[in-house]
2 protein chains.
Amino acid sequence: MAVKPPTGSVTIEDVAREAGVSRAAVSKVIRNAYGVSPAMKARVSEAIEKLGYRPSVSARGMRGATFTVGFEIPELSNPFFPKLLAGATAAMSGSPYQLIIAPADPAHAEGYRAIQALVDRQVDGVIAVSPLVDPEWLEALAATVPVVMIGRHDRSVAYDTVVGDDEAGAGQVMRHLLDLGHKDIVHLTPAAGMIGVDSGVPQAIRLDVYRRAMQDADLGDRIRVVRTGNGESESRRAALQLLAEPDRPTAVFAAHDEPALGVLHAVADAGLTPAEVSVAGYDDIEIAAHPGISLTTVNQDGERMGRLAAELLLERIAGRSAPRHEVVRPELVVRTSTRPPRPRGGAARLRALGRT
Amino acid sequence: MAVKPPTGSVTIEDVAREAGVSRAAVSKVIRNAYGVSPAMKARVSEAIEKLGYRPSVSARGMRGATFTVGFEIPELSNPFFPKLLAGATAAMSGSPYQLIIAPADPAHAEGYRAIQALVDRQVDGVIAVSPLVDPEWLEALAATVPVVMIGRHDRSVAYDTVVGDDEAGAGQVMRHLLDLGHKDIVHLTPAAGMIGVDSGVPQAIRLDVYRRAMQDADLGDRIRVVRTGNGESESRRAALQLLAEPDRPTAVFAAHDEPALGVLHAVADAGLTPAEVSVAGYDDIEIAAHPGISLTTVNQDGERMGRLAAELLLERIAGRSAPRHEVVRPELVVRTSTRPPRPRGGAARLRALGRT
DNA sequence: CACACGTCGTAGACCGATCTACAAGAGGTG
DNA sequence: CACCTCTTGTAGATCGGTCTACGACGTGTG
């Protein structure tokens, strides 16, 4: 067996008695602090081993560090988030720090509660993915404990950030669609309530880029934004309605891969294929590469983002106070869900003629 | 703002001073224990509110409960596990308990480390999905803290279990494939090292059911088991080799949906479709229902399993000591990735004739 | 030989809560 | 009016570590 079985509650006191030394001595050994003779270290280590002693993190937390970092995350269902976690876990793997994850219960005040729960547990640092929490609140938080935020475009001096270049990523998607010849491009994005007013959440930026790209291509009058929840099923429903309209769009740019999957689903449900309606997403979740899906999307390298966040946090914990803001360059991945638009007959063509 | 900003470190002492009462009084109020007059409660609550006081979980943990339950989980990349978490989070949502998740770092002793980390942090209970940890170790653990294991078929009196009926689920898959007329059915399962010897892990049972079903159908000589890692890419490679063989199987039964996706991927890569090679999985992850995938699989209702596990754990924490073992009934979901086998020419037909 | 110094180990305060035991005061009863 | 009981609040020990201050014990130096 790799590990000793957990033994009821052996305290530092027990170890001290067993080794015939003081509590302080044992404490020194386990922290390998200065002032320990090899002989004593050996005796104490032996006692620890024999009794299966494990220091209580709670007791430790009362004075010093807990060697725990907290990762707050909204919904695990979107496969992009586990990528962040995987990256962070890997980066943390060598360090003495343990990662614990607090899921933000969507039923409760989005993020706040989960982050609070971590802080209450005396974590030595926090990584969070809550784009909606108030900047001032975060500043106050960051004054208490090192904080790294993922996916925020604001630049506080109090906390670090890791974020993808959504401007560039969304720009690439729009250029791609426009280059293919699409003009009726709909943007699918989370409901307004889910995007803070100019909070700089990624979705808000993607939306903005969409609008500007359409304007710049002289398609300002064809701008159309559909709001829907995250998750496949909601977006599928929304897309079904959209596709049933007489002059349906020729392309849909979804703010994330999950809703994009919903749109693809709807396209299939409506008896259509990407040849009729192109679909693009954002994140490049693993399944997007599957031949049955083959979704054009933007790769953000979530693992790298998670790794970066963990590294920044460890630096902060180690003492750095100057803020750092890392931007990860995204990359368009073209697959078969986006194709040139097919010329259509009837109403759409007439409308197009009437306009030009 | 929904929540007060985190204020440095307000202790119970500060609150007591502010309200002009003793520490013990404040403690009583926050635990809403007996012996508090409405007047004092009001004064104290006001002080708590005013100072933004939050009790330290570490300090609490030193004597009593931490109101924290730990969830150990291997790899988040398989979308089935987040389902468990979602269920547990939902079930916990009403209770005063906070869920924290410890990812089992695959680089380190599988599960042990993560579970230990949780116990070190004084959680009031543990839910774990480590099918490989030693039963004796678990018994020792369960003597210390309430434990619920997910996906184990052993029945200890020390800990509760929540598990799918893999016998039934795998049986349904095999019956389905055999009914369709398949004879050359390959089973894809994790490498032997990943399945403990008769530890009763789900994969071992599915494998066993596969073997017996083949025997019972007089296809004992066509039994073929391919070992591969979890994850899409490994199984995809393995499947590509398999499909390149002269007499490739007509159906593949994968022990999980993730490897099943890999097989589907390989089928497409090889220029084939499920009409030539049927594929079945297990778990019914969300994407399986997507028309581009349409994977026949077994629904396990992961959310329900997570919810059950959380409920059992809360019961244990509340004092129950008699063990409970919940079995969730799985259900075959037939989609288009499984179809009747096509008669083939050449070698395969000759071989078949020679046998019969 | 007295003194300073470096090394090793210990005593005890301290962190922030909980919880037991007890005291003070209010109200009821014979 | 003494006595009992019930309610309400407090003092102080306690949990298991960390950390500072200090003492004891060689060793080297003038």
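Chain letters run A, B, ... following the sequence lines, proteins first, then strands; residues in each count from 1. It should be emphasised that the depicted structure is a prediction, and the values quoted were computed from it without experimental measurement.
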(Q) Without decimals, in angstroms, what is the distance between B/Arg31 CZ and C/dT18 P? (A) 5 Å

Q.
Once ring pair (Phe, Tyr, Trp, His ring centres under 6.0 Å) is applied, what residue pairs with a partner in residues 9-51 of chain A remain, sequence neighbours excluded?
A. none

Q | Under 3.5 Å donor-acceptor pair, A/Arg63 side-chain atoms to C/dC14 base atoms | A | yes

Q) Could you give the CD1-to-P distance, from B/Ile30 to C/dG16, as a whole number of Å? A) 14 Å

Q. Quick one: side-chain hydrogen bond (donor to acceptor under 3.5 Å, both in side chains) partners of A/Glu326, sequence neighbours excluded?
A. A/Arg324

Q: Give me the first and last nucleotide of DNA chain D, going 5' to 3', that has any atom under 4.0 Å from a heavy atom of chain B.
A: D/dT7 to D/dG16

Q. Expressed in angstrom and rounded to an integer, what is the separation of B/Gln122 atom CD from C/dA17 atom C1'?
A. 13 Å

Q | Any donor-acceptor pair under 3.5 Å from A/Ser93 side chain to A/Thr89 backbone | A | no

Q) For B/Arg121, which residues count as a salt bridge (Lys or Arg N to Asp or Glu O under 4.0 Å) partner, sequence neighbours excluded? A) none

Q) Listed by chain and number, what are the side-chain contact (heavy atoms from CB on, under 4.5 Å) partners of A/Ala86, not counting sequence neighbours? A) A/Glu303

Q: Report the C-alpha separation of A/Leu312 and A/Arg320 in whole Å, then their side-chain angles, then the decisive distance to 0.1 Å, and conclude whether the side chain to side chain contact (heavy atoms under 4.5 Å, CB included) test is met.
A: CA-CA 9 Å; A/Leu312 291 185; A/Arg320 172 169 58 75; 3.8 Å; yes

If you look only at distance, which donor and acceptor atoms sit under 3.5 Å apart when one is on a side chain in residues 24-31 of chain B and the other is two or more places apart or in another chain?
from: B/Ser27; atom 1: OG; to: B/Arg31; atom 2: NE; distance (Å): 3.0
from: B/Ser27; atom 1: OG; to: B/Arg31; atom 2: NH2; distance (Å): 3.2
from: B/Arg31; atom 1: NE; to: B/Ser27; atom 2: O; distance (Å): 3.2

(Q) I need the CZ-P distance between B/Phe67 and C/dT18, as an integer number of Å. (A) 9 Å

Q. If you look only at pairs with a residue in residues 13-27 of chain B, which of them pass as a salt bridge (Lys or Arg N to Asp or Glu O under 4.0 Å), with sequence neighbours excluded?
A. B/Asp14-B/Arg17, B/Glu18-B/Lys50

Q. Taking only N and O in the side chain of B/Ser27, is any of them less than 4.0 Å away from OP1 or OP2 of C/dT18?
A. yes

(Q) Can you list everything that forms a side-chain hydrogen bond (donor to acceptor under 3.5 Å, both in side chains) with B/Asn78? Sequence neighbours excluded, please. (A) none

**Q.** ring pair (Phe, Tyr, Trp, His ring centres under 6.0 Å): pairs with one or both residues in residues 63-100 of chain B, sequence neighbours excluded
**A.** B/Phe67-B/Tyr97

Q: Quick one: list whatever passes salt bridge (Lys or Arg N to Asp or Glu O under 4.0 Å) with A/Asp124, sequence neighbours left out.
A: none

Q. Between the two end axes of the helix from C/dC1-D/dG30 to C/dG30-D/dC1, each built from 5 base pairs, what angle do you get to the nearest 10°?
A. 60°

Pairs: protein N or O with nucleotides 5-10 of chain C N or O, under 3.5 Å:
from: C/dT7; atom 1: OP2; to: A/Tyr34; atom 2: OH; distance (Å): 2.8
from: C/dG9; atom 1: OP1; to: A/Ser37; atom 2: OG; distance (Å): 2.7
from: C/dG9; atom 1: OP2; to: A/Ser37; atom 2: N; distance (Å): 2.8
from: C/dG9; atom 1: OP2; to: A/Ser37; atom 2: OG; distance (Å): 3.1
from: C/dG9; atom 1: N7; to: A/Lys28; atom 2: NZ; distance (Å): 3.0
from: C/dT10; atom 1: OP2; to: A/Ser22; atom 2: N; distance (Å): 3.0
from: C/dT10; atom 1: OP2; to: A/Ser22; atom 2: OG; distance (Å): 2.9

Q. Rounding to a whole Å, what distance do you find between B/Arg60:CZ and C/dC15:C1'?
A. 16 Å

